[in-house]
Amino acid sequence: MRIATWNVNSVRQRLTPLLAFLKETAPDVLCLQELKCEESAFPRMEVEDAGYNVILHGQKTFNGVAILSKHPIEESRIGLPDFDHEGQSRYIEAVISHDGGALRVASIYAPNGNPADTPKYDYKLAFMEALTRHAATLLQLEEATVLAGDYNIIPEPCDVHDPAAWASDALFLPQSRKAYRRLLNLGYADALRAVTDDAGLYTFWDYQAGAWQKNKGIRIDHLLLSPQAADRLEGVEIVKAMRAGEKPSDHVAIFAQLG
DNA sequence: ATGCCAATTAAGAATTGA
């Protein structure tokens, strides 16, 4: 069972790379973020023709999340409980059935939060609080669960090319990192950190200032695994080559393989 | 310190992103 997450930065702009990705890597489940379109504009036919079931929560212009699955989608929820999302489509969750088992998967697009001295940062922290509450509830189900997506948080200094340059950024502020740790401390494993301590493993490179060419990246796309999922973890792969493709997203996909 | 680039909306430039 291979689960991937990818911030596509507009699913319509990224349709060709998306279909190529599905064909070449054949994920069992793919979580997408930043669709940047309403459901009616989502390329449903193309994705279904590629062999995927799809559920999504779209929104005009901004945000938007989806779950694509080769396997049946049994149940789903849109939005976090007890959270006023202010019209922003950032959370969708589904149960995927496969080989007689089940896997719960969430596709998450956490707020950026910049500039940090504005209500945008308050919203980021409020979202993380609501996500943490819900993640705690999900743990009580004692299921294999994967909380995947763009968390917009750099967990540790080893996850950013130049920690000092990001010190006052909403993605790397102590309160942001603390919110991420709080989520892990519930009992979730950061899939990448379960398999390696290596520094410099990034999932995002800015379009600007030659960030990709200079490898000035950050790690902000994460797969969080419940204990039942973490016990099945066999490997993690960041698909770095996607960033060098034609019309790339500024994010690349990351896979977790579960046995 | 700021822009650098990309996408959206909508018809030029503003907003958002990270």
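We name chains A, B, ... by the order of the sequence lines, and we start the count at 1 in each one.
Applying the ring pair (Phe, Tyr, Trp, His ring centres under 6.0 Å) criterion to Phe21(A), with sequence neighbours excluded, gives Trp6(A), Phe255(A). In this structure, the ring pair (Phe, Tyr, Trp, His ring centres under 6.0 Å) partners of Phe83(A), at least two apart in sequence or on a different chain, are Tyr123(A), Phe127(A).
Taking atom C1' on both nucleotides, dT8(B) is separated from dG12(B) by 13 Å, rounded to a whole Å. Across dA13(B) and dT2(B), the matching P atoms stand 23 Å from one another, rounded to whole Å. Remark: the separation of the C1' atoms in dT16(B) and dA10(B) is 16 Å, to the nearest Å. Taking atom C1' on both dA11(B) and dA1(B), the two are 32 Å apart, rounded to the nearest angstrom.
One atom, CG of Asn9(A), and another, P of dA7(B), lie 6 Å apart when rounded to the nearest Å. Here the P atom of nucleotide dT8(B) and the CG atom of Leu35(A) are 11 Å apart, to the nearest Å. Separating the CG atom of Asn7(A) from the P atom of dA7(B) is a distance of 12 Å, rounded to the nearest angstrom.
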Show me the protein contacts with nucleotides 9-17 of chain B, counting only N or O atoms at under 3.5 Å.
unit_1: dT9(B); atom_1: OP1; unit_2: Thr61(A); atom_2: OG1; d: 3.3

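For Pro115(A) and Arg14(A), each mapped to the nucleotide of DNA chain B holding its nearest heavy atom, the one lying further toward the 5' end belongs to Arg14(A). Residue order along DNA chain B, read from the 5' end via each residue's closest nucleotide, puts Ser10(A) first among Ser10(A) and Phe204(A).
A salt bridge links Arg44(A) with Glu39(A): the closest approach of a Lys/Arg side-chain nitrogen to an acidic carboxylate oxygen falls below 4.0 angstrom.
The distance between the ring centers of His85(A) and Tyr91(A) does not fall below 6.0 angstrom.
Between His98(A) and His71(A), the angle of the ring planes lies from 30° to 60°, which puts this pair in the tilted group.
Although no hydrogens or angles enter the test, the distance criterion places a donor-acceptor pair under 3.5 Å between the side chain of Thr203(A) and the main chain of Ile220(A).
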